[in-house]
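Inspection log for the structure reproduced underneath, given as structure tokens.
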Amino acid sequence: MPELPEVETIARALRQENRRGFSITGSEIEDVSILWERSIAIPSAVEFKQRVCGQHIREVGRRGKYIVVTLTQDTLLIHLRMSGDLRIEQGGADVLKNGLHKHDRVAFTLSGGNYLIFEDARKFGRLWLLADPQEELGTLGPEPLGEELDALRFYAMLQGKKRQLKPLLMDQHFLAGMGNIYTDEALFKARLHPLLNAVDLNAEQTASLLRAIRETLQEGIARNGSSIDWVYRGGDFQNHFAVYGRTGEACPVCGATIERLVVGQRGTHICPQCQALPSRDE
DNA sequence: CACGTCACCTGCGTGC
DNA sequence: TGCACGCAGGTGACGT
């Protein structure tokens, strides 16, 4: 579910103080209730609980689609996958008795009567407790908004890949953070067809693609992400999609009818006119 | 290496 | 109303 802008929004919300002036930063993890064991990727649920209790939260960040919670000894990684979310609850021991929701999977008891709760309807999300977070994050591609990625490097990255553009952009080992929505929106903005072969892009198209990716992600972050389906997080980027989920509607640029196709098993939305595939003899 | 298929899960909208 | 079906913001393991 959440892509880079939603994960960034959640990480920022956790980092900042809430309305009560509370921030999880600096809190001690006093206890943890694991309501669905398979939500814990590494280590075992028993060891997870043993090791995490007593550690303090130092800071909250993001890498790709992972929330990175730096603790006193270890690093807690949280991946929300399709339907995961995090929320803070306050209210003492009562929260674990009466305050839990149907899809709550892991509940951390923090100092001061606060709780950090991981909820996840589809149970795809995962938590890792690692001494070295690189064990999990080490194979991720670069951050699309990071300074070390420029048009030149991006061009070199694409040139090495003889792959369909959309699945490549969504490959977290290639680039970290793009998902189905923002990829469709970025490809539309760059006027590139999702089935183009990456190696066929010229330097100009590559530069415009990187620009489109960044603008799309930045607008998503500025709007606090997208809230769609039954998962509402407060963002409103869903009201500004150009093509995603707009099959049959008019392209905001040229007025052609937006089409849905399937690319790499994922629903894909394009304007057939703005994102035309070059014909063979061109 | 690149691509397709399946598995992991639950919930919602649609059409009969 | 009930029910089957297709669809959903993700990813990894396989097979070809």
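Naming convention: chains lettered A, B, ... in sequence-line order (proteins, then strands); numbering from 1 in each chain.
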Starting at [atom1] of [X] and ending at [atom2] of [N], how long is that distance when rounded to a whole Å?
X: A/Leu168; N: B/dA2; atom1: CG; atom2: C1'; value: 11 Å
X: A/Leu137; N: C/dT11; atom1: CG; atom2: P; value: 12 Å
X: A/His173; N: B/dA2; atom1: NE2; atom2: P; value: 14 Å
X: A/Asp171; N: B/dC1; atom1: CG; atom2: P; value: 12 Å
X: A/His79; N: C/dG12; atom1: NE2; atom2: C1'; value: 11 Å
X: A/Asp120; N: B/dG11; atom1: CG; atom2: P; value: 11 Å
X: A/Phe124; N: B/dC9; atom1: CZ; atom2: C1'; value: 4 Å
X: A/Gln265; N: C/dC14; atom1: CD; atom2: C1'; value: 13 Å

| task | Check whether the ring centres of A/Tyr182 and A/Phe237 lie less than 6.0 Å apart, and answer yes or no. | result | yes

| message | Is the distance from the ring center of A/Trp128 to that of A/Phe48 below 6.0 Å? | response | no

| message | Under 4.0 Å, heavy atoms only, any strand: does A/Arg126 hit a base, just the sugar-phosphate, or nothing? | response | nothing

| task | Could you tell me whether A/Arg38 contacts a base, only the sugar-phosphate backbone, or nothing, with contacts defined as non-hydrogen atoms closer than 4.0 Å? | result | sugar-phosphate

| query | Of the nucleotides B/dC3, C/dG10, B/dT10, which one has an atom closest to the side chain of A/His103? | reply | B/dT10

| task | Select one nucleotide: of B/dA2, C/dT11, C/dG9, the one nearest the side-chain heavy atoms of A/Asn180. | result | C/dG9

Pairing of [X] and [Y] as salt bridge, 4.0 angstrom limit:
X: A/Glu8; Y: A/Arg12; value: yes
X: A/Lys49; Y: A/Glu47; value: no
X: A/Arg15; Y: A/Glu59; value: no

Given [N], is OP1 or OP2 found less than 4.0 Å from the side-chain N or O atoms of [X]?
X: A/Arg163; N: B/dC3; result: yes
X: A/Lys162; N: B/dC3; result: no
X: A/Lys65; N: C/dG10; result: yes
X: A/Arg122; N: B/dA7; result: no
X: A/Arg81; N: C/dG9; result: no

In whole angstrom, give me the gap between the [atom1] atoms of [N] and [M].
N: B/dC6; M: C/dC5; atom1: P; answer: 16 Å
N: C/dG9; M: B/dC3; atom1: C1'; answer: 23 Å
N: C/dC3; M: B/dC9; atom1: P; answer: 24 Å

| message | Which residue in the set A/Gln238, A/His240, A/Gln218 passes side chain to side chain donor-acceptor pair (under 3.5 Å) when paired with A/Arg223? | response | A/His240

| Base-pairing mate for B/dG4 - Watson-Crick or G-U, with both contacts under 3.5 Å | C/dC14

